[in-house]
Undergrad: 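Before I ask anything, let me first share the structure, which is written out below as structure tokens.
Whatever order the structure lists them in is the order used to number ligands and atoms, beginning at 1.
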Amino acid sequence: MTTQLNKKAPTLKGKVNGNVLIPGDTGYDGARRIWNAMIDRRPEVIVQCATSDDVAQAIAFARDNDLEISVRGGGHNIAGYAVCDKGLMIDFSTMKNVRVDTGARRAYVEPGATLSDFDRAVQAHGLATPVGINSTTGIAGLTLGGGFGWLTRQYGLTIDNLASADLVTADGKKAHASDHDNPDLFWAIRGGGGNFGVVTQFEFKLHPVGPEILAGLIVFPFDQAKQVLKQYREYVRSAPTEVNVWVVLRKAPPLPFLPEAVHGNEVVVLAVFYSGDIAEGTKLIDPVRRFGDVLGEHVGPMPYVQWQQAFDPLLTPGARNYWKSHNFTELGDGALGTMIEYAATLPSMQCEIFLGLVAGVANDVPPDATAYNSRDARFVMNVHGRWDNAAQDENCISWSRAFFKAAAPYASAGGYVNFMTAEEDNRIAAAYGSNYARLLQIKQRYDPENIFHFNQNICVSSEGIGTIRQKRSA
Ligand SMILES: Cc1cc2nc3c(=O)[nH]c(=O)nc-3n(C[C@H](O)[C@H](O)[C@H](O)COP(=O)(O)OP(=O)(O)OC[C@H]3O[C@@H](n4cnc5c(N)ncnc54)[C@H](O)[C@@H]3O)c2cc1C
């Protein structure tokens with residue numbers, strides 16, 4: 001296969017404006033590397049698209065040569081679906097432009113943009129929309145799966161702020177998707193991932209935010225975890241949506257505002273955020289300090305873009321990662337107790353239990369309004385199994401799995417596809433719940449041959465996704 005393709009790749013080179021890379025080319029190894037170091041795959045061809053016509057050419061080439069297709073936005077998906085083995089990778093790393101229409105409060109965003117590219121461009125005009133909390137994440141994958149972050153309580157999921165998208169579909173045709181054009185497709189891409197086509201531009205609604213916001217970390221001793229988390233639960237029940245507080249249970253990194261004696265010990269970290277008047281936010285956040293005996297804190301006014309990068313040092317690329325996630329509508333004592341029990345046995349310095357608060361306007365959207373179905377979720381919990389050395393794989397993975405299993409009885413239905421690993425194909429139908437049947441119909445219409453299957457797959461093929469994956473990897 002490789003030799004044949006090596007001969008054919010120059011033809012593709014002549015047809016695209018962007019770059020075509022094959023194994024051995026300069027830049028090939030850099031292009032196939034993604035955030036999760038557990039993924040080490042080698043596509044036969046990488047097409048670094050420069051235009052939507054390039055995308056159509058790449059799809060046609062893959063079809064003609066029976067190549068599996070993967071699509072890379074920011075390369076952060078934990079399952080590693082950005083990069084395939086032996087197939088064709090559509091790589092958007094050179095399409096990162098963000099254009100802002102300040103009058104209409106809209107941003108037009110190319111699919112290779114990271115959250116940092118997006119936030120910097122829109123914040124230059126004092127605008128923002130809810131996106132994730134690690135600035136190197138890609139806007140494309142995050143949006144297509146749902147997307148949430150600090151602004152979600154106030155403005156909903158990222159998809160709730162998507163006004164339209166341009167795609168290239170499986171037949172190589174271009175399609176515009178919005179409430180008015182191809183509304184079924186627009187419904188499906190708001191949560192249905194990369195199943196329906198390759199997005200070449202997103203249009204987002206924007207809101208006035210900051211540029212200065214109030215945010216930071218407040219750290220408590222682990223032996224007070226129970227009292228801190230119970231008070232947290234009560235506090236967030238009535239806190240206005242401009243306030244957000246996420247919980248991280250982990251071993252304390254050597255942060256300068258924490259006493260050295262605490263470094264490396266388990267701690268409870270509350271990450272607080274307020275977008276609005278700083279004096280008002282200071283008053284609203286103050287009760288959080290009284291949840292326990294504060295070991296250290298670093299809270300104050302700062303630019304929104306700075307806070308959007310605050311977690312980057314803990315989430316750098318190159319580590320080994322294995323995640324498991326649950327949604328919760330309520331945090332009962334059982335859920336909190338399980339979190340505390342497993343946080344007491346963290347198998348590495350970097351492993352953590354992360355609880356994102358999404359309660360707010362995202363809950364007011366009906367579950368059938370977009371493909372994303374978990375509108376009852378008030379919290380999204382993610383077990384970040386993370387470590388550096390392959391010798392720790394088994395230990396860290398089995399800890400993550402055991403915690404996931406122990407927490408399952410307290411979790412709500414559904415799930416967040418953007419946090420699912422490759423072994424969780426069996427959770428996908430449940431993640432979409434009552435929307436799954438409609439997703440299958442729309443998939444049948446736009447991609448009946450399931451050529452976009454290297455993802456959290458909505459599988460319309462007669463053979464299941466497990467068989468497709470097995471055949472392709474043989
Ligand atoms: C450190 C870290 C922090 C995170 N924090 C958050 C968070 O705060 N909130 C949140 O909601 N999520 C968060 N996530 C999850 C994140 O949303 C997903 O990992 C998402 O898939 C990343 O998008 P990407 O473009 O970087 O990934 P990629 O791996 O490049 O893409 C993911 C998948 O999306 C599809 N895709 C990508 N681009 C396109 C396109 N142009 N057209 C069609 N399909 C495409 C493909 O199927 C691809 O496999 C985080 C992930 C990481 C690693």
Undergrad: Might you list the protein residues in contact with ligand 1, defined as having a heavy atom under 4.0 Å from one of its atoms, sorted by chain and number?
TA: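 Residues within 4.0 Å of ligand 1: Trp35, Val71, Arg72, Gly73, Gly74, Gly75, His76, Asn77, Tyr81, Ala82, Phe92, Pro111, Gly132, Ile133, Asn134, Thr137, Gly138, Ala140, Gly141, Leu142, Leu144, Gly147, Phe148, Gly194, Gly197, Val198, Val199, Leu315, Trp323, Tyr416, Asn418, Phe419, Asn455.
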Undergrad: Is it the case that the ring center of Trp323 lies less than 6.0 angstrom away from the ring center of Trp35?
TA: yes
Undergrad: For the ring pair Tyr81 and Phe454, is the centre-to-centre distance below 6.0 Å?
TA: yes
Undergrad: Could you name each residue pair satisfying salt bridge (charged side-chain N to carboxylate O under 4.0 Å, His left out) that touches residues 160-171, not counting sequence neighbours?
TA: Asp160-Arg375
Undergrad: Hey, is CD on Glu423 packed in by over 12 heavy atoms from elsewhere, all under 6.0 Å?
TA: yes
Undergrad: Regarding Lys174 and Asp53, does a basic nitrogen lie under 4.0 Å from an acidic carboxylate oxygen?
TA: yes
Undergrad: With a 4.0 Å cut-off on N to O distance, would you call Asp91 and Arg32 a salt bridge?
TA: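 No, no charged N to carboxylate O under 4.0 Å.
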